[in-house]
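One structure below.
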Amino acid sequence: MENTTKPITGKVDLYLGVQWGDEGKGKEIDEALSREELIEAVIYDAVCRFQGGPNAGHTYEFEGVTIIGHLMPSGCLHKYVDLIIGNGVVLNPVSFNKEYYDLKSKGIDVIKRLFISERAKLITYLHPFLDAAEECRMGKNCVGSTMSGIGPTYRDFKARQVPLLGDILRPNFMDQLADFIRFQMNVLKMYEESYGYVIPHDKIEEKRFEWFEALEMMFNYNICDTSELIRKKLEQGKRVLAEGAQGAMLDNDFGDYPYVTSSNTLTANLCLGLGVPHHAIGEVNGVIKAYVTKVGGGSFPSKIKDKEVEEAYREAGHEYGATTGRPRMCGWLDMVALKRAIYLTGTTGIFINKTDICPVDTVKVVIGYLDKDGNKFENFPLHLEDVYDVETIEFPGWGTGAVEVTEKSKLPQALINYVEYIEEELSPLGAKIKLLGTGPKRGQSVVW
Ligand code: IMP
């Protein structure tokens, strides 16, 4: 460390999902970077990931190029912006390399501005199999994981087993890895002997080969102390953008446990996942959709009961997982979950995506959770499976009136009323609406 006495004058602004993930964070980040570029003042110096791994899928489009980022921070299209993968991230060399070369084939080579934390956690080729084995053990109560090995990797990290990315540069790495792989194979055998999981040896062999090949390529990237890198930027008064993955309702502690991901998705984890002090946190921007989607197991209180209506939302909003292709469940905007997420994350700015999607005449909003006796829950329930019904209010729909609109004055009045309602409900929590997304492409949005 050169000098630890300089004051921090820069800030880390956060964009995070405050529903069940897939809110459109990638598009909002691309949008935030572009708006500043338009006035030729590159405000953000870096985009950083601080949690999660290849389970994430962040989509954004510009000039016919569609990018789906899994591990790569959503600043690829902005050539002056550094891309930082923080220590809180779990990284699989296979998916990471694939993403890097996919970008390169589109003419976007990020190698010179890409920095990966030496403390990022390594997903081995056996972690996804352990994910599958665990889902097999859970049977019908399974979490519906993305099978990327996220849960087993974070578990092994907490148990101080998992190799860190920087370990690959150390002389004893192959021994450390061999020992860990032996341990993982034993765990897989336990799943086979005790829970009927069949170890797919051929598939493992195939993945082992791919993984070691990809591991070799990791030496080409800049693996470093990214906390120090960010500290230097903050000392110079630079602004850095942090990109959350998944959403507040999938937080390991405060989501609908156990139907959650295995990292903390809330603002509190930003400091741990990047190695920055709390006083460096700047604005907290919460991204939502005008409705809600969820993938995976567990309850979803605001799920649209009418199958045709749900399907209409799925089709209109192209609600299929960017990582797994799974159809997403669609639900009404859930103010109960949203208000809690806003509180837990300290969100001050709200970005509402997909306001262009409204395939119904009447839009509902969930304002209360009811127990089996029809009584309203006073506090957020420990398990969402205890929610038997929901209390809703209704708003007139706005059809296709908001598609690709870019000026507030051209928005349909019914949408304005809907957004004003959300604003009224959330402003006591200190959250203000900033932008409405009206289409998937950069620039298709309205400043509120
Ligand atoms: P995992 O993170 O793969 O272990 O999956 C745990 C739960 O989080 C499952 O219900 C997944 O569907 C969900 N999940 C994980 N990543 C995402 C995401 O990026 N968007 C939406 N849901 C996700």
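Counting from 1, the numbers follow the sequence of the chain as shown. Counting convention: from 1, in listed order, for ligands and their atoms alike. All values derive from a computational prediction rather than experimental measurement.
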Looking only at non-hydrogen atoms, the one of T261, L250, T265 nearest atom 23 (C) of ligand 1 is L250

Under 4.0 Å between heavy atoms, the region of W20 that gets near ligand 1 turns out to be backbone

V143-ligand 1 polar pair, N/O distance under 3.5 Å:
yes

Taking only non-hydrogen atoms of G296 and a 4.0 Å limit, the atoms of ligand 1 in range are 10 (O), 12 (O)

- Query: Any side-chain heavy atom of L333 sitting closer than 4.5 Å to one from Q19?
  - Reply: yes

Quick note on ligand 1: atoms under 4.0 Å from a heavy atom of R326 include exactly 11 (C), 12 (O)

Measure from the ring center of W20 to the ring center of Y259 and say whether it is less than 6.0 Å. no

Hey, what's the ring geometry for Y418 with W398, parallel, tilted or perpendicular (30° and 60° as the breaks)?
-> tilted

Per ring pair (Phe, Tyr, Trp, His ring centres under 6.0 Å), Y369 is matched among F300, F380, F377 by F380

Margin query: I'd like to know if A56 contacts ligand 1, where contact means a heavy-atom distance under 4.0 Å to any ligand atom.
Written below: yes

ring-ring contact (aromatic ring centres under 6.0 Å, His included) pairs touching residues 126-157, sequence neighbours excluded, are H127-F180

* **V295 N/O to ligand 1 N/O under 3.5 Å** => yes

Sub-4.0 Å heavy-atom approach of V260 to ligand 1:
yes

Exercise. Do D167 and L122 have side chains that get closer than 4.5 Å, going by heavy atoms?
Worked result: no

**Asked** Hey, is ligand 1 close enough to S148 that some N/O pair sits below 3.5 Å?
**Response** no

If you compare G17, G144, G52, G53 by their heavy atoms, the one closest to atom 9 (C) of ligand 1 turns out to be G144

Applying salt bridge (charged side-chain N to carboxylate O under 4.0 Å, His left out) to K434 and not counting sequence neighbours gives E283

If I apply the N/O under 3.5 Å rule, does S262 come out as touching ligand 1? no

